[in-house]
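Take a look at the structure below.
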Amino acid sequence: MELKQYQVVLVNLDPTIGSEIQKTRPCVVISPNEMNKYLQTIVVAPMTTASKRYPTRVEVKHGRKKGWIVLDQIRTVDKIRIVKCYNLLSDKEILKVKAVLKEAYVD
């Protein structure tokens, strides 16, 4: 399975602990393509349809639903947790994700 950075994938996130986002849900692949090609794990940010407008959340459209990428809950998962693969985010959405990642995690 070839996974691309900024691709939406359906991931089984259970089991979880505490306030971690749980259940099987769409996630965005954050890890770069080089890592995705060679490692058995990927770095993902879960998506939700129920969110407030936090600075670490990026509003996107996935299918016919409006939702948010939860960049404050980034986690590493094994590829065997992937249930299904979808398309990449739009160019505009990718730019938003990059900007929020830089603001939140760089410097």
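Source: prediction; values computed, not measured. For this chain, numbers begin at 1 and follow the sequence in order.
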(message) Once salt bridge (charged side-chain N to carboxylate O under 4.0 Å, His left out) is applied, do any residues pair with Lys4, and if so which ones, sequence neighbours excluded?
(response) Glu2

(request) Mind checking salt bridge (charged side-chain N to carboxylate O under 4.0 Å, His left out) for Glu34 and listing every partner two or more places apart, or none if nothing turns up? (result) none

(request) Not counting sequence neighbours, list each pair that qualifies as a ring-ring contact (aromatic ring centres under 6.0 Å, His included) and has a residue in residues 73-107. (result) His62-Tyr86

(message) Filter on ring-ring contact (aromatic ring centres under 6.0 Å, His included), then keep only pairs touching residues 9-46, sequence neighbours left out; what's left?
(response) none

I'd like to know if the side chain of [X] and the backbone of [Y] have a donor-acceptor N/O pair within less than 3.5 Å.
X	Y	answer
Asn12	Arg81	no
Lys79	Asn36	yes
Gln7	Val29	no

Please enumerate all residues that pass side-chain hydrogen bond (donor to acceptor under 3.5 Å, both in side chains) together with [X], with sequence neighbours excluded.
X	answer
Thr48	none
Arg53	Glu59
Gln40	none
Glu93	Ser90

Is it true that [X] and [Y] fall in one hydrophobic cluster, defined by side-chain heavy atoms closer than 4.5 Å?
X	Y	result
Val44	Val28	no
Tyr6	Val11	no
Met47	Ile82	no
Ile42	Ile94	no
Val83	Val43	yes

(request) Take Val9 and Leu3 through the test side-chain contact (heavy atoms from CB on, under 4.5 Å) and record every step on the way to the result. (result) CA-CA 9 Å; Val9 291; Leu3 298 169; 3.9 Å; yes

Would you mind writing out the side-chain donor-acceptor pairs for residues 71-78 within the sub-3.5 Å range, not counting sequence neighbours?
from, atom 1, to, atom 2, distance (Å)
Asp72, OD1, Thr56, OG1, 2.7
Asp72, OD1, Arg57, NE, 2.8
Asp72, OD2, Arg57, NH2, 3.1
Gln73, OE1, Ile21, N, 3.0
Gln73, NE2, Ser19, O, 3.2
Arg75, NH1, Leu13, O, 3.3
Arg75, NH2, Leu13, O, 3.3
Asp78, OD1, Ile80, N, 2.9

(message) Quick check for you: to the nearest 0.5 Å, what is the distance between Leu10 atom CG and Lys84 atom NZ?
(response) 8.0 Å

(message) If I compare all heavy atoms of Pro46 with all of Cys27, which pair ends up nearest, and what's the gap?
(response) CA-SG, 3.6 Å

(message) Testing the basics here: between Ala45 and Ile69, what is the closest heavy-atom pair and its distance to 0.1 Å?
(response) CB-CG2, 3.7 Å

(request) Would you please name every residue forming a side-chain contact (heavy atoms from CB on, under 4.5 Å) with Lys102, sequence neighbours left out? (result) Val106

(request) Output all residues satisfying side-chain contact (heavy atoms from CB on, under 4.5 Å) with Thr49, sequence neighbours left out; order by chain, then residue number. (result) Lys65

(message) Tell me which pairs pass salt bridge (Lys or Arg N to Asp or Glu O under 4.0 Å) where either residue lies in residues 12-24, with sequence neighbours left out.
(response) none

